[in-house]
**Q** 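Before I ask anything, here is the structure I am working with.
Lettering of chains follows the sequences in order, A, B, ..., and the numbering in each one begins at 1.
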Protein chains: 2
Amino acid sequence: MKTKGETRASDVHTRMRADILSCELKPGDKLRFEALKDRYDVSFSTLREALARLSAESLVVSEGQRGFVVAPVSIADLKDLTNARVLLEREVLRLSMEYGDDKWEADILASYHRMDRLQTRLGAHYYFDEEWARLHGAFHRSLVCACKSPVLLDMRLHLFDRANRYRRMSSQFRTKWRPKDVEHKAIMDATLDREPEALDLIGRHIRETTENVIEFAGHLFVQDEVTASVV
Amino acid sequence: MKTKGETRASDVHTRMRADILSCELKPGDKLRFEALKDRYDVSFSTLREALARLSAESLVVSEGQRGFVVAPVSIADLKDLTNARVLLEREVLRLSMEYGDDKWEADILASYHRMDRLQTRLGAHYYFDEEWARLHGAFHRSLVCACKSPVLLDMRLHLFDRANRYRRMSSQFRTKWRPKDVEHKAIMDATLDREPEALDLIGRHIRETTENVIEFAGHLFVQDEVTASVV
DNA sequence: ATCCAGTAGATTTGCGAAATTTTTCCTGTC
DNA sequence: GACAGGAAAAATTTCGCAAATCTACTGGAT
């Protein structure tokens with residue numbers, strides 16, 4: 001995060017991004033400039049810059065000269081996202097297990113502890129919590145951040161965020177909860193022990209989450225629609 | 001390509017993108033608004049939108065409130081890019097070989113033929129040619145476009161373009177040429193025959209290109225600098 | 001009743017001037 | 001001679017308005 005040179009535009013970009021990922025701006029919503037200008041208290045041009053950035057991140061889609069829309073969600077998109085995530089996440093975890101040093105291991109233990117403590121405190125409702133989502137993201141990042149590949153890490157984070165939008169959409173419909181989270185612990189232990197099994201665990205973890213999302217929130221998504229790729 | 005709803009901003013974005021990828025705007029160049037306004041004949045806001053898009057594509061980097069710079073090049077970045085490309089390219093090729101139908105095969109043959117014909121016509125200088133670069137890109141895309149994963153295809157194209165910038169930078173210093181291009185033919189044949197060997201061939205193809213780029217143009221790149229990732 | 005065309009209203013896009021920030025360069029002091 | 005302080009200059013960022021474009025609605029003809 002930039003602490004000093006934070007421009008108005010990048011600030012709006014960050015806030016809109018958060019609003020889209022947390023589904024405060026719902027998929028498919030039309031983004032009218034007048035309303036957004038009011039909401040974020042900035043001018044047309046500044047908004048336009050933020051929307052252009054989000055558009056390049058495929059969080060909003062621009063429809064020619066007909067304005068911007070929050071990127072739609074679909075089962076096809078979620079499945080596609082999931083497959084891509086498994087591919088990338090396995091690779092960055094493999095590389096991290098190869099290159100990771102003492103500091104890496106310590107960071108993993110620390111971020112797991114933070115996540116686990118909050119989870120215990122919140123009980124079954126952790127899944128709704130903003131702060132838990134942040135710590136969960138930080139834990140997963142700590143697992144793979146030793147892979148020495150900025151390119152892969154950027155792509156991974158990008159996909160993680162996009163997938164997180166689906167997870168949050170499903171959270172309010174969820175009725176099945178694990179009493180205690182054992183998955184993350186197992187992934188961490190296998191990773192720290194450099195067991196190749198960790199790769200399968202992380203892959204299964206991602207796929208299971210996706211299956212749950214589809215089970216509980218699949219009715220919210222468009223079935224056939226495929227998010228257009230700009231080719 | 002949009003033929004109708006082409007806005008001024010997306011047009012400038014496209015042209016600047018091309019200028020960066022073809023190294024007409026050199027890596028590290030400071031992008032001053034006054035000069036760009038003159039060059040592309042547009043206003044501040046329009047430029048700003050295009051730059052924001054390019055920034056999200058990591059083709060330009062924004063330095064807080066100190067303007068924009070064409071993304072720098074480095075050996076570390078090229079190697080990182082190469083590894084990521086091999087991972088993705090193998091996967092989309094594998095999937096395409098699984099899902100590809102008759103039309104896919106026909107498109108591969110057609111785009112190979114177009115590339116091969118131009119190469120024969122141009123002789124050893126094909127490597128400099130803009131049109132050949134386009135046909136080369138189209139051939140590689142045709143190999144993998146049956147993979148049914150918009151997410152992976154977008155990421156692949158993104159990395160391909162970024163790597164292409166390095167290839168073009170090296171072309172003017174190149175002294176070693178293959179008399180006849182046999183690599184692409186071999187990749188195509190193995191792909192159409194659904195031989196798993198195709199995956200290794202494409203991986204080796206990418207790595208060899210990178211090695212040549214480093215051999216002939218390595219002196220142009222910054223050694224240590226690592227392109228900062230926005231995390 | 002349906003379809004097409006033309007017009008009014010709403011929305012987006014583009015522009016250049018003002019405000020803010022960074023950089024440069026000059027001056028005075030240690 | 002080097003270094004900090006400060007003011008002028010240059011560049012970037014932001015803003016509100018005018019022009020272009022799209023959407024919706026009304027009215028008339030088939």
Side-chain angles (χ1 to χ4, degrees), chain A residues 1-20 25-72 228 230, chain B residues 1-20 25-72 228 230:
Chain A
M1 313 283 181
K2 300 172 194 169
T3 50
K4 204 173 183 182
E6 183 128 344
T7 65
R8 203 118 179 77
S10 75
D11 178 47
V12 174
H13 170 247
T14 306
R15 281 197 288 159
M16 272 188 87
R17 191 186 154 80
D19 287 345
I20 291 172
L25 294 172
K26 295 195 189 70
D29 274 2
K30 185 104 179 48
L31 295 169
R32 287 195 187 74
F33 280 85
E34 208 58 53
L36 265 56
K37 196 162 89 90
D38 202 41
R39 196 186 212 282
Y40 298 104
D41 192 40
V42 286
S43 71
F44 290 98
S45 322
T46 309
L47 267 178
R48 186 148 256 287
E49 183 182 334
L51 284 168
R53 286 231 183 95
L54 292 166
S55 169
E57 290 178 88
S58 42
L59 289 176
V60 312
V61 293
S62 91
E63 309 170 302
Q65 275 144 324
R66 287 191 294 278
F68 294 87
V69 170
V70 178
V230 192
Chain B
M1 315 283 181
K2 298 172 195 171
T3 50
K4 207 173 181 181
E6 182 128 345
T7 64
R8 200 111 182 78
S10 75
D11 178 47
V12 174
H13 170 247
T14 307
R15 281 197 289 159
M16 274 189 86
R17 192 187 153 81
D19 287 346
I20 291 171
L25 295 172
K26 296 194 187 71
D29 273 1
K30 186 105 179 51
L31 295 169
R32 285 195 189 73
F33 279 87
E34 210 56 57
L36 266 55
K37 197 163 90 89
D38 202 40
R39 195 187 213 282
Y40 297 103
D41 192 40
V42 286
S43 71
F44 292 102
S45 324
T46 309
L47 268 178
R48 186 150 256 285
E49 183 181 333
L51 284 169
R53 286 229 184 98
L54 293 167
S55 169
E57 291 177 88
S58 40
L59 289 176
V60 312
V61 292
S62 91
E63 307 170 305
Q65 276 143 324
R66 289 192 292 277
F68 295 86
V69 170
V70 178
V230 192

**Q** Looking across every strand, which nucleic acid part, if any, lies under 4.0 Å from A:Phe44 by heavy atom: base, sugar-phosphate, or nothing?
**A**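 The residue A:Phe44 makes base contact.
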**Q** Select one nucleotide: of C:dT12, D:dC15, C:dT21, the one nearest the side-chain heavy atoms of A:Ser45.
**A**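 Among the listed nucleotides, the one closest to the side chain of A:Ser45 is D:dC15.
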**Q** I need the OH-P distance between B:Tyr40 and C:dG14, as an integer number of Å.
**A**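 That distance rounds to 16 Å.
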**Q** Are A:Glu49 and A:Phe44 packed together at the side-chain level, in the sense that at least one heavy-atom pair is separated by less than 4.5 angstrom?
**A**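 Not touching, per the 4.5 Å side-chain cut-off.
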**Q** Just call it for A:Leu31: base, sugar-phosphate, or nothing, with non-hydrogen atoms closer than 4.0 Å on any strand.
**A**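 Sugar-phosphate: the residue A:Leu31, judged by heavy atoms under 4.0 Å, touches backbone atoms but no base.
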**Q** From the set D:dT14, C:dT12, C:dG16, return the single nucleotide nearest to any side-chain atom of A:Arg8.
**A**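 When the side chain of A:Arg8 is considered, D:dT14 is the closest of D:dT14, C:dT12, C:dG16.
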**Q** Could B:Asp11 and B:Arg15 be called an ion pair, given the rule that one side-chain N must be under 4.0 Å from one carboxylate O?
**A**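 So B:Asp11 pairs with B:Arg15 through a salt bridge.
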**Q** Check whether any side-chain N or O of B:Gln65 sits under 4.0 Å from OP1 or OP2 of D:dT12, and answer yes or no.
**A**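 Result: no.
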**Q** Between A:Met16 and A:Val70, is any pair of side-chain heavy atoms under 4.5 Å apart?
**A**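 No, their side chains stay 4.5 Å or more apart.
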**Q** Determine yes or no for a side-chain-to-main-chain donor-acceptor pair under 3.5 angstrom, with A:Thr14 supplying the side chain and A:Ser10 the backbone.
**A**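 Confirmed, A:Thr14 side chain pairs with A:Ser10 backbone.
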**Q** Could you give the NE2-to-C1' distance, from B:His13 to C:dG14, as a whole number of Å?
**A**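 Spelled out: NE2 on B:His13 to C1' on C:dG14 is 18 Å.
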**Q** Between A:Leu47 (CG) and C:dG14 (P), how many Å, whole number?
**A**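 Going from A:Leu47 (CG) to C:dG14 (P), I get 15 Å.
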**Q** Once you apply a heavy-atom cut-off of 4.0 Å, does B:Arg48 come out as touching a base, just sugar-phosphate, or nothing?
**A**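 It contacts base atoms.
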**Q** Nearest to the side chain of B:Val42, which nucleotide is it out of D:dT13, C:dC15, D:dC15?
**A**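 When the side chain of B:Val42 is considered, C:dC15 is the closest of D:dT13, C:dC15, D:dC15.
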**Q** What does B:Thr46 touch in the nucleic acid at a heavy-atom separation under 4.0 angstrom: a base, only the sugar-phosphate, or nothing?
**A**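 Touches sugar-phosphate only.
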**Q** In whole Å, I'd like the distance from the CD atom of B:Glu63 to the P atom of D:dA11.
**A**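 Whole-Å distance recorded here is 15 Å.
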**Q** Is the number of heavy atoms from other residues, nucleotides or ligands under 6.0 Å of B:Lys30 NZ greater than 12?
**A**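 Yes, NZ of B:Lys30 has more than 12 neighbouring heavy atoms, counting only those of other groups under 6.0 Å.
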**Q** Provide, to the nearest angstrom, the distance between the CZ atom belonging to B:Arg32 and the P atom belonging to D:dT12.
**A**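 Going from B:Arg32 (CZ) to D:dT12 (P), I get 7 Å.
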**Q** Quick check on C:dT23: is either OP1 or OP2 less than 4.0 Å from any side-chain nitrogen or oxygen of B:Arg66?
**A**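 Answer yes for this pair, as a side-chain N or O of B:Arg66 is under 4.0 Å from OP1 or OP2.
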**Q** For the pair made of CZ in A:Phe33 and C1' in D:dC15, what is the distance, rounded to whole Å?
**A**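 For the pair A:Phe33 CZ and D:dC15 C1', the rounded distance is 15 Å.
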**Q** With heavy atoms under 4.0 Å as the rule, sort A:Lys37 into base, sugar-phosphate or nothing.
**A**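 It contacts nothing in the nucleic acid.
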**Q** Can you tell me the distance, in whole Å, between the CD atom of B:Glu34 and the C1' atom of C:dG16?
**A**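 About 11 Å, once rounded to whole Å.
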